[in-house]
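Down below is the structure, laid out as structure tokens.
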Amino acid sequence: MIILGHSLIPYTPFYRIAAQEALSHTPSNAIVLFEFDAPLASYCFAQNVPFALNVKNIQELMLGHALHASYFVVGKALVLQAQKIADDYLFDAKILLTSSDDNDIEFAALHGIDGILFTDGIHE
């Protein structure tokens, strides 16, 4: 299981962006994170910028998969469904539960979630 953003474990932070222009303000090797946005995802893929999508539903998950997202950041309400779909369709992307609670490490491990992204691991 991947654990990102935890104070005890070294990690590469995710950089939250809202528009294509914000890419110029992130490190060259950064993983950018944004709300589902098909044109921005297409641009990132074309420019070889690794990106994570914050998805709110299964439709965004499936479209994000087609757009070649590297990670899907989801809340607890969607994470079990998202992980099952990712496993069934053999996604290359990883499903990350977003959390600020260490107790969610156990939840993610017991449910076979690819990883957890703590909110401290996201640069605004």
Side-chain angles (χ1 to χ4, degrees):
M1 185 174 82
I2 303 165
I3 300 175
L4 301 167
H6 194 281
S7 62
L8 298 177
I9 301 167
Y11 63 93
T12 301
F14 282 39
Y15 289 81
R16 187 180 307 277
I17 63 169
Q20 181 178 324
E21 297 76 29
L23 288 170
S24 63
H25 302 293
T26 62
S28 61
N29 61 344
I31 298 169
V32 295
L33 168 65
F34 50 93
E35 299 295 322
F36 180 82
D37 179 325
L40 183 53
S42 293
Y43 179 82
C44 287
F45 177 67
Q47 298 301 313
N48 287 328
V49 175
F51 67 97
L53 292 176
N54 190 6
V55 296
K56 302 284 190 275
N57 55 53
I58 300 303
Q59 180 179 350
E60 290 180 354
L61 177 76
M62 296 307 295
L63 291 171
H65 171 63
L67 292 165
H68 308 283
S70 297
Y71 300 94
F72 293 102
V73 178
V74 298
K76 216 170 194 178
L78 184 62
V79 74
L80 297 178
Q81 288 178 303
Q83 187 65 60
K84 181 177 182 341
I85 289 169
D87 291 344
D88 288 349
Y89 287 101
L90 304 174
F91 282 18
D92 290 328
K94 300 297 183 189
I95 303 295
L96 301 176
L97 172 63
T98 185
S99 179
S100 58
D101 182 355
D102 278 7
N103 292 317
D104 283 335
I105 294 172
E106 182 176 349
F107 173 85
L110 291 174
H111 289 92
I113 307 305
D114 290 331
I116 187 166
L117 173 62
F118 286 94
T119 53
D120 288 346
I122 303 170
H123 285 235
E124 299 293 332

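No hydrogens, no waters, no symmetry mates; every other heavy atom, side chains included, goes into these values.
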Identify every side-chain donor-acceptor pair in residues 30-44 under 3.5 Å, counting partners at least two apart or on other chains, and give the distances.
from: E35; atom 1: OE1; to: K56; atom 2: NZ; distance (Å): 2.9
from: E35; atom 1: OE2; to: N54; atom 2: ND2; distance (Å): 2.9
from: D37; atom 1: OD1; to: L40; atom 2: N; distance (Å): 3.0
from: S42; atom 1: OG; to: A38; atom 2: O; distance (Å): 3.1

Exercise for the section: Please identify each residue that fulfils salt bridge (Lys or Arg N to Asp or Glu O under 4.0 Å) with D114, with sequence neighbours left out. Expected result: none
Problem - Residues that E124 engages under salt bridge (Lys or Arg N to Asp or Glu O under 4.0 Å), provided they are two or more places apart - result: R16
Handout entry: Pair F14 and Y71, ring centroids less than 6.0 Å apart
Key = yes
Handout entry: Contacts of Q59 that satisfy side-chain contact (heavy atoms from CB on, under 4.5 Å) - sequence neighbours left out
Key = N57, L63
Exercise for the section: First locate atom CD of E106, then atom CE of M1, and finally report the distance between them rounded to the nearest 0.5 Å. Expected result: 10.0 Å
Problem - Sidechain-backbone polar pair: H111 side chain, I113 backbone, donor-acceptor under 3.5 Å - result: no
Handout entry: Within one Ile-Leu-Val-Met-Phe-Trp-Tyr cluster: L110 and I2, side-chain cutoff 4.5 Å
Key = no
Exercise for the section: Output all residues satisfying side-chain contact (heavy atoms from CB on, under 4.5 Å) with T119, sequence neighbours left out; order by chain, then residue number. Expected result: T98, S100
Problem - Residues which pass salt bridge (Lys or Arg N to Asp or Glu O under 4.0 Å) with D92, listed by chain and number, not counting sequence neighbours - result: none
Completion exercise
Smallest heavy-atom separation, L61 atom then V55 atom, equals N-CG1, 4.0 Å
Exercise for the section: Give the ring-plane orientation class for H123 versus Y15, where under 30° counts as parallel, over 60° as perpendicular and anything between as tilted. Expected result: tilted
